[in-house]
Amino acid sequence: VKKMTDCQEANSPMELYEKLTAQGDKVRALKTDKAEKAEVVAAVQMLLKLKVDYKQTTGQDYKAGCPPSETAAAVTDNGPAADGDGGEDNVDPWNVSTTNAKGVDYDKLIVRFGSSKVEKELVDRIEKVSGQKPHRFLRRGIFFSHRDMHQVLDAYEKHKSFYLYTGRGPSSEAMHVGHLIPFIFTKWLQDVFDIPLVIQLTDDEKYLWKDLISHTPVSASPDFYRNVVKIQKHVTFNQVKGIFGFTDSDCIGKISFPAIQAAPSFSSSFPQIFGGRKDIQCLIPCAIDQDPYFRMTRDVAPRIGYPKPALLHSTFFPALQGAQTKMSASDANTSIFLTDTPKQIKSKINKHAFSGGKDTVEEHRKYGGNADVDVSFMYLTFFLEDDEQLEKIRQDYTSGALLTGELKKILTETLQPMIAQHQERRKQVTDETVKQFMTPRPLNFNL
Ligand code: TRP
């Protein structure tokens, strides 16, 4: 039985689907355990009620193992799809794609996942509570969705602090500019709220899904491992099947991995930082494709006596070729790497960045370009700090006053110094620094 605060979430197709899967699981378990008849009947009635809710919300019958599709979400979403393009969006932790050149329809995703929109009111509140101008990622809707942010701010106002958790699966030698988003943002949150950050590096995940080599030394963190096992004990195969679409032929490493990504959401995993306290709230800034992991985490949290982590979800960083997919380190042509030279940056942008401009200068001057599908413009929304300058670029590009080549030049000149500075700082990092960061240790901050 869910508490009042969760009512809103329970209405999304995905949440309903997950509840149904869990309830089916429960009924089966009760039967296997030969539970009291009344208890079984109550559980079955609940299951039937959920099936009716599901049918009403999605217009489809519930089928175990088949999560609700985008078309299902459209039933509850009465707003028109962007530009009438009812494009197919595919979003999970391993794949992101859409047929829409503007990118994924994020409003629909909020409905489907049952999260909340980052409204202007929340951005204003972050400004008020932190006393700082909101980061451009907040001003521009790049972190567009959340869970429980108001609760985090309420507590912070009452001097109850929180901590940050984000992560990265190392899938290639070098990171690309899209990988910077959670790090730029967590650094900002860390500075304005004066809170610690834990970063999980899931080379084990990449080993399980992509055959890359794993070096994870969990033995250094017995408390972390204890939480992993606790989570594993409280989530069934049926639940992860429902959430992640695992099948009977997926290896058991994949099936149990979500518990590893969940564990850093609980402060008791890090006694060196939190002195054994298990009640410190966690806030996870991440791209929205990671949400399934944290829906599972939030579901299990109260059952193991921990607070649910709050979330701030970002949009995807588009591939150079267009917003139909995200930038991917395993495909070098879609990416600008943090190791690229100024020359490589320039040539990749000129060669590959999808343009919303017209075919000829004359046509462009006459009809103007389309900033909404233009990858160079999209990248500027991520990295150009000045709001007025960005707005002027949009207007000039749309009117035709600014040409594609000129827009690409502005982007090149924004990225080159940013990446050069990163490389400069990267050079200062010694093996000693890495060792320090990889060692569980007390952090200098006040609870
Ligand atoms: N699964 C993420 C990836 O593939 C890595 C990750 C682990 C992560 N923990 C996280 C990302 C927490 C965001 C937040 O890269």
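Computation of the quantities below employed the complete heavy-atom set of this structure, encompassing side-chain atoms and omitting hydrogens, waters and symmetry-equivalent molecules. Atoms within each ligand, like the ligands themselves, are counted from 1 in listed order. In this chain, numbering begins with 1 at the start of the sequence shown. Every value quoted in this text rests on a predicted model; they were computed, and no experiment measured them.
Here the closest heavy-atom approach between residue Gln423 and residue Thr339 is recorded as NE2-C, 3.4 Å.
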Can you pull every nitrogen or oxygen pair between ligand 1 and the protein closer than 3.5 angstrom?
residue  : atom   : partner : partner atom : Å
ligand 1 : 1 (N)  : Glu205  : OE1          : 2.9
ligand 1 : 1 (N)  : Glu205  : OE2          : 3.1
ligand 1 : 1 (N)  : Gln261  : OE1          : 2.9
ligand 1 : 1 (N)  : Gln290  : OE1          : 2.9
ligand 1 : 4 (O)  : Glu205  : OE1          : 3.3
ligand 1 : 4 (O)  : Lys206  : NZ           : 3.4
ligand 1 : 9 (N)  : Tyr165  : OH           : 2.9
ligand 1 : 9 (N)  : Gln200  : OE1          : 3.0
ligand 1 : 15 (O) : Arg168  : NH2          : 3.2
ligand 1 : 15 (O) : Gly169  : N            : 2.8

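Note: Phe445 and Phe274 have perpendicular aromatic rings, judged against thresholds of 30 and 60 degrees for the angle between ring planes. In this pair, Phe266 and Tyr306 present their aromatic rings tilted. The plane angle is within the 30 to 60° band.
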For residues 253-262, please give each side-chain donor-acceptor pair under 3.5 Å, one per line with the distance, not counting sequence neighbours.
residue : atom : partner : partner atom : Å
Ser256  : OG   : Ile252  : O            : 3.0
Ser256  : OG   : Gly253  : O            : 3.4
Gln261  : NE2  : Gln290  : OE1          : 2.8

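Here CD1 of Ile410 is found 10.0 Å from CG of Leu390. Values are rounded to the nearest 0.5 Å.
In this structure, Arg295 is positioned above the aromatic face of Phe113, its NZ or CZ under 6.0 Å from the six-membered ring centre and within 45° of the axis.
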